[in-house]
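Order of the sequence lines fixes the chain letters, A, B, ..., with proteins taken first and strands second; residue numbering starts at 1 for each chain.
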Number of protein chains: 2
Amino acid sequence: MARLAGVSRATVSYVLNNTSAVRISEPTRRRVHEAAKELGYVPHAAARSLRAGHSRMVLMPAPTFPVGPLYSQFISELQWALGRLEYTVVQFGTVGLHGAEAARAWAELRPVAVLVPGSDLGPKDVAVLKRSGARAVVTLGSEAVEGAHALLMDHEAVGLCAGTHLYARGRRRIGVVVPEEPGLDAFSVPRLEGVRRALHGTEATVTDLPLAYEEAAAARLAARWRELGLDAVFAYNDEYAMLLMRALQDEGVGIPQETAVIGADDLMLGRLLRPRLSTVHIELPSGRDLADLVDRAVRNPGAAPETHTVLGASVVHRDST
Amino acid sequence: MARLAGVSRATVSYVLNNTSAVRISEPTRRRVHEAAKELGYVPHAAARSLRAGHSRMVLMPAPTFPVGPLYSQFISELQWALGRLEYTVVQFGTVGLHGAEAARAWAELRPVAVLVPGSDLGPKDVAVLKRSGARAVVTLGSEAVEGAHALLMDHEAVGLCAGTHLYARGRRRIGVVVPEEPGLDAFSVPRLEGVRRALHGTEATVTDLPLAYEEAAAARLAARWRELGLDAVFAYNDEYAMLLMRALQDEGVGIPQETAVIGADDLMLGRLLRPRLSTVHIELPSGRDLADLVDRAVRNPGAAPETHTVLGASVVHRDST
DNA sequence: TTGAAAGCGATACCAG
DNA sequence: CTGGTATCGCTTTCAA
């Protein structure tokens, strides 16, 4: 590269980085740029960050299970916002690694910040990441981890909303669908807990209803519906709600007269069902806000970890309750 | 690190990599391992791959729009399969970069392989990636790119299936929903083309129906349904099908008597609709197969690029047609 | 304005 | 069996 342009490597570096401290003559710049095009030269990111001692990579583990449109859009927005701040977002495919192992794998890449959904991370792991040069570690989950910033996604609030709404509509024997699919516990357990909390101290009862995301499972549950004697159900989310509602209707269970059904996530499909599905609308943190938090933390790594409760939950009352 | 263990950096490297060529005494190994734990030492991936001259990173651009469960699962499977072969999958958040720019950004990371969905990549860009050390470039899209392996996802086949099925069911005036959402053209245009091809040379007509993914848009389309005089519609996919079917039913259009509706993707929600939605089942390439292709290409970079047509399409006939 | 050289962290070779 | 040392590609300081 340097040879082809007939200049030194240093000069190449100056030109390609537009270093303002030194001024390079116009003809030289041209020669360098031409040589770069001709050779298809691309700088070596590893060498650069090795020398620089830091990078602008924001690392997050790639999701391992199908994720809804809500979260997809959140990620997109986040990438866009971090991109504007000149960070590079990298989703790292961590297949079977957990806790400490995963943290070490991430630390090897020396990211400037790490975003971790879920709560698979201990204080020890945070320390490893920080020692390896991460200036910000942010968890998105149900509880804060020592040493890391936290965006608390309070899924209990979702259940709380649903439970309160159903109680206000006069329902007293309330079922809560708990998906059997693995990986969803992190959301389903707090949602169930939220319903319990909403109804604590009242005469209402809460029954948990394990359910796999399959027609047959829903049919089996619907078949014994009348013996369960429930008058309402919070179905975890809109998709499970659709599954269960269909099965109940096929059994001749009247919705909402006999049983009220409420979902969560406020997906389009809920609006399309008949009766239209009531749901808990969930407001994720905006990608912009999270990007700003990351940027602040990176610029000022000494600051105390911030903990924000995000995730606004509010009932959208339609026809199924 | 080396200082704390009282040995040289080389020895550290030997111990931590279990280098078999040299044998290190047990006490020394212990000291090294203890020091590593104590310091929370993690090797520096950039330094390692700089020295080694290559990495085992497989790079793919992160999807920029919400992606369905089909594709999510494909990615998961792929990550798992490549993980088994000791590759590391990295989804790189390329926000607004296109073509050449994106290729250069990827090349900076010196990945051993690059997987690119879509066809935003020219032969020139493939060359840049290869010169930068990528031993395999694989495109997943509708057409092959010179120099790169290709997994052709033949979305025309999806339309072809749908068109053939509707014709066989006696339908002759066929509408095809084309989503107005940006980013979906890559799929929707070939699907429409496929329907055209299926009906070419017959007396049947094909009408394209632009539609935004909103209730109001669907209602407007349904309101002028009878004047369109169609007796069948291929709705791009199951979600658009649900949207349109609902609107048609609200207008009192009989399904399937008056208008047959078919979707695509074979999602769960189609089975839950009444009438149950006919659909085109799509078989994506298995993650395992793609992982093997990547591995083969990496081991033997000289070989001629392979082009495979993947994506099997088959009609699932239910009640809506 | 440009060139020479040090050094980031890990590895592989070659001496000790 | 272990320690020095050159090396990967790039940035940056210092001299020329």
Applying side chain to side chain contact (heavy atoms under 4.5 Å, CB included), can you list everything that pairs with B:Leu184, at least two apart in sequence or on another chain?
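Here the qualifying residues are B:Phe65, B:Pro179, B:Glu181, B:Tyr236, B:Tyr240.
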Could you report the tightest heavy-atom contact between A:Asp125 and A:Gly99, atom names first, then the distance?
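Smallest heavy-atom distance, with atoms named: OD2-C, 3.8 Å.
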For B:Asp120 versus B:His98, what's the shortest heavy-atom pair and its separation?
OD2-ND1, 3.3 Å
Which residues satisfy the ring pair (Phe, Tyr, Trp, His ring centres under 6.0 Å) test with B:Phe187, sequence neighbours excluded?
B:His155
I'd like to know whether B:Arg110 forms a side chain to side chain contact (heavy atoms under 4.5 Å, CB included) with A:Val42, so could you lay out the CA-CA distance, the side-chain angles of the two residues, the decisive distance to 0.1 Å, and finally the verdict.
CA-CA 9 Å; B:Arg110 298 294 192 277; A:Val42 215; 4.1 Å; yes
For the helix from C:dT1-D:dA16 to C:dG16-D:dC1, how many degrees between its two end axes (five pairs per end), to the nearest 10°?
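Its terminal axes enclose an angle near 50°.
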Under a 4.0 Å heavy-atom cut-off, which of residues 43-52 of chain A touch DNA chain D?
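Hits under 4.0 Å, by residue number: A:Pro43, A:His44, A:Ala47, A:Arg48, A:Arg51.
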Check DNA chain D against residues 125-137 of chain A and give the residues with a non-hydrogen atom under 4.0 Å, in numerical order.
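Those residues whose heavy atoms fall under 4.0 Å from DNA chain D, taken from residues 125-137 of chain A, amount to none.
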To the nearest Å, give me how far apart [atom1] ([X]) and [atom2] ([N]) are.
X	N	atom1	atom2	value
B:Tyr41	C:dA10	OH	C1'	7 Å
B:His54	C:dA10	NE2	P	17 Å
B:Leu109	D:dC10	CG	P	13 Å

4.5 Å side-chain heavy-atom contact, A:Leu50 and B:His44:
yes
Give every residue pair that meets the ring-ring contact (aromatic ring centres under 6.0 Å, His included) criterion with at least one member in residues 133-153 of chain A, sequence neighbours excluded.
none
Mind checking what makes side-chain hydrogen bond (donor to acceptor under 3.5 Å, both in side chains) contact with [X], not counting sequence neighbours?
X	answer
B:His54	none
B:Thr94	B:Trp106
B:Glu108	none

All pairs passing salt bridge (Lys or Arg N to Asp or Glu O under 4.0 Å) where residues 77-95 of chain B contributes a residue, at least two apart:
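The answer is none; no pair qualifies.
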Qualifying salt bridge (Lys or Arg N to Asp or Glu O under 4.0 Å) pairs with a residue from residues 284-295 of chain B, counting only residues at least two apart or across chains:
B:Asp295-B:Arg299
Checking B:Leu78, B:Leu151, B:Val137 against B:Leu115 for side chain to side chain contact (heavy atoms under 4.5 Å, CB included), the one that qualifies is B:Leu78
Can you tabulate the close N/O pairs, meaning under 3.5 Å, that link protein atoms to atoms of nucleotides 13-16 of chain D?
residue : atom : partner : partner atom : Å
D:dT13  : O4   : A:Tyr14 : OH           : 3.0

